[in-house]
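Read the structure below first, then the notes.
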Amino acid sequence: MEEEATDLPNSMKPEDLSLQNKHQAMLDRLSNRHQARSKSSTTSSSTDSTASFLSKFSESKHSIDSQISESSKLATTDPTLLKSHFVNISSSISSLEQLVAENSFLLPSYELRSALKTVSELRQSLENLNSELVPKKKFSFKNKSITKASPPDPKPAEVENPDTPKVVQTIRDSPGIRNKTNETLTKEFRGSDIGEFTLSDLDSCEVRLIGSVNSLFINRVRNCRVYSGPVIGSILIEEVENCVFVLASHQIRIHYAKGSDFYLRVRSRPIIEDCGGVRFAPYCLRYEGIEEDMREAGLGEETGNWSNVDDFKWLRAVQSPNWSVLENTERVGNIEIKDLGIRNSIN
């Protein structure tokens, strides 16, 4: 090219150079415009996704608010329908929480926190309303249970304590395992229609949950090992200490946990709050049919989010001191549930 340029008459070089400069400037302007449009398109797509979520979220919240508002009227006209009414509201709140879980990886952090706070407030409202409208039923149930030779399960005095976590309504009404000590407990969900399941007030137990449910609630658990198949919606954990959890879900929230290890597969970032000494590692549970359960729950692929923990009580840019990644040498290895027994294996 240099030889061709030197062969041109000297009188043409300035004009050619000027034309070349103008052409390059035009190309630069077109390139910059294309990049700007691409960025705008990406931002627009993200904005559209957020707007779509907010629209669905607002519509669902409005529906739940309407259901809650109808409760007082129902208590006057036909109180026998209150229990099923509250179960329906609880189910609607769980569906709303699942909507948040499925969209959490697309949402800005402030929108996610606002949505989670709204779900928590709705559950609190439902709990308060239940306590207000059906106090006699809970009292009579307690007295009736005391007259039996064997102690009631669950213990109403503990379940109805006003200081218990926000999901008390769901804990009382949903199927679950409660008030056990030094036991090995296995529950298989295959062929069953269980939307929500609760583990509550357990001490020194080993829990094996095979199959999948929509939501899992874990409250007041100490010195336990909990191994669970996939949860389609969300997992809420509150007041646990010195435990090992192997869990898979779209969303996992952990409150008031101390000295516990979490082996997770999760679609969105795990959320911790008021926790200390908690450690995280990848999911490691195996049992026959778990691959199919994972695919059906939308958890077939490992996202790596088990280590992307969001500490809501730590707003500084540096790493939160409340959690850490569990060192390879300290991990339990693969946990295999076989013939309702359990086997540890190290890869």
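Everything quoted here is computed from the prediction, not taken from an experiment.
- Between the side chains of Ser92 and Gln67, at least one donor N or O sits under 3.5 Å from an acceptor N or O.
- Judged by distance alone, with hydrogens and angles left aside, the side-chain atoms of Tyr256 form no donor-acceptor pair with the main-chain N or O of Glu273 at under 3.5 Å.
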(request) Please test Leu99 against Phe53 for side-chain contact (heavy atoms from CB on, under 4.5 Å), starting from the C-alpha separation and ending with a verdict. (result) CA-CA 8 Å; Leu99 176 67; Phe53 164 79; 3.9 Å; yes
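- What you find for Leu96 and Phe57 is that their closest heavy atoms are CD1-CD1, 3.4 Å.
- A donor-acceptor contact closer than 3.5 angstrom is absent between the side chains of Asn128 and Glu132.
- Annotation: side chain of Ile89 is in contact with side chain of Ser71 (closest heavy-atom distance under 4.5 Å).
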(request) Show your working on ring pair (Phe, Tyr, Trp, His ring centres under 6.0 Å) between Phe197 and Phe189 and close with a plain yes or no. (result) CA-CA 10 Å; Phe197 198 78; Phe189 299 115; 5.1 Å; yes
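- At least one side-chain heavy atom of Leu209 sits under 4.5 Å from a side-chain heavy atom of Leu216.
- Closest approach of Glu302 to Asn305, counting heavy atoms only: OE2-N, 4.2 Å.
- Among all heavy-atom pairs drawn from Arg265 and Gly300, the shortest one is NH1-O, 3.3 Å.
- Pairing each heavy atom of Val231 with each of Ser215, the nearest pair is CG1-CA, 3.8 Å.
- Here the side chain of Thr303 pairs a donor or acceptor atom with the backbone of Val266 at under 3.5 angstrom.
- Counting heavy atoms from C-beta on, the side chains of Val226 and Val246 never come closer than 4.5 Å.
- Atoms CG and CD1, from Asp311 and Ile272 in turn, are 4.0 Å apart once rounded to the nearest 0.5 Å.
- The side chain to side chain donor-acceptor pair (under 3.5 Å) with Ser200 is formed by just one residue from the set Arg220, Glu239, Glu238; it is Arg220.
- Within a 6.0 Å radius of CD in Glu183, more than 12 heavy atoms belonging to other residues, nucleotides or ligands are found.
- Taking Glu327 as the reference, nothing meets the salt bridge (Lys or Arg N to Asp or Glu O under 4.0 Å) condition, with sequence neighbours excluded.
- At least one donor-acceptor pair under 3.5 Å links the side chain of Ser307 to the backbone N or O of Gly304.
- The pair Asp201-Arg178 fails the salt-bridge criterion, with no side-chain N (NZ, NE, NH1 or NH2) lying under 4.0 Å from an Asp/Glu carboxylate O.
- Lys313 is linked by a side-chain hydrogen bond (donor to acceptor under 3.5 Å, both in side chains) to Asp274, counting only residues two or more places apart in sequence or in another chain.
- A search for side-chain hydrogen bond (donor to acceptor under 3.5 Å, both in side chains) contacts involving Tyr287 returns Asp293, not counting sequence neighbours.
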(request) Begin from the C-alpha positions of Leu264 and Ile252 and carry the test side-chain contact (heavy atoms from CB on, under 4.5 Å) through to its verdict. (result) CA-CA 9 Å; Leu264 306 181; Ile252 297 176; 3.7 Å; yes
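- In this structure, Lys258 does not pair ionically with Glu241, as no charged nitrogen and carboxylate oxygen lie closer than 4.0 Å.
- Checked against salt bridge (Lys or Arg N to Asp or Glu O under 4.0 Å), Arg253 has the following partners two or more places apart in sequence or in another chain: Glu97.
- Side-chain contact between Arg331 and Pro282: present, with at least one pair of heavy atoms (C-beta onward) separated by less than 4.5 Å.
- Taking 4.5 Å as the limit, some side-chain heavy atom of Leu129 sits within range of a side-chain heavy atom of Ile68.
- The distance from the CG atom of Leu122 to the CD1 atom of Ile93 is 5.0 Å, given to the nearest 0.5 Å.
- Taking 4.0 Å as the cut-off between side-chain N and carboxylate O, Arg279 and Glu330 count as a salt-bridged pair.
- Note that OH of Tyr283 and OG of Ser228 are 6.0 Å apart. Values are rounded to the nearest 0.5 Å.
- Sorted by first and then second residue, the pairs that involve residues 53-64 and meet side-chain hydrogen bond (donor to acceptor under 3.5 Å, both in side chains), not counting sequence neighbours, are Lys61-Asp65.
- Considering CG of Asp261 and CG of Leu326, their distance stands at 5.0 Å, rounded to 0.5 Å.
- Taking the side chain as every heavy atom from C-beta outward, Phe280 and Val325 never approach each other to under 4.5 Å.
- Expressed to the nearest 0.5 Å, how far CZ of Arg123 lies from OG1 of Thr118 amounts to 13.0 Å.
- Residues Val221 and Cys243 come closest through the heavy atom pair O-SG, 3.5 Å.
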(request) Show your working on salt bridge (charged side-chain N to carboxylate O under 4.0 Å, His left out) between Glu206 and Arg208 and close with a plain yes or no. (result) CA-CA 7 Å; Glu206 181 176 291; Arg208 311 163 186 168; 2.8 Å; yes
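- Here the side chain of Ser234 pairs no donor or acceptor atom with the backbone of His250 at under 3.5 angstrom.
- Between Ile254 and Ile271 the shortest side-chain heavy-atom distance does not fall below 4.5 Å.
- Residues Thr198 and Ile177 are not in side-chain contact: their nearest non-hydrogen atoms beyond the backbone lie 4.5 Å or more apart.
- Aromatic rings from Phe245 and Phe262 are positioned such that their centres are separated by under 6.0 Å.
- Remark: Glu288 engages no residue in a salt bridge (Lys or Arg N to Asp or Glu O under 4.0 Å) (not counting sequence neighbours).
- Minimum interatomic distance between Ala248 and Leu299 (heavy atoms only, all atoms of both residues): C-CD1, 3.9 Å.
- Remark: side-chain polar atoms of Ser204 are not paired, donor with acceptor, to backbone N or O of Asn182 under 3.5 angstrom.
- Judged purely by atom type and a 3.5 angstrom limit, Asn242 has no side-chain atom pairing as donor or acceptor with the backbone of Arg222.
- Once rounded to the nearest 0.5 Å, the distance linking CZ of Phe217 with CG of Leu236 reads 6.5 Å.
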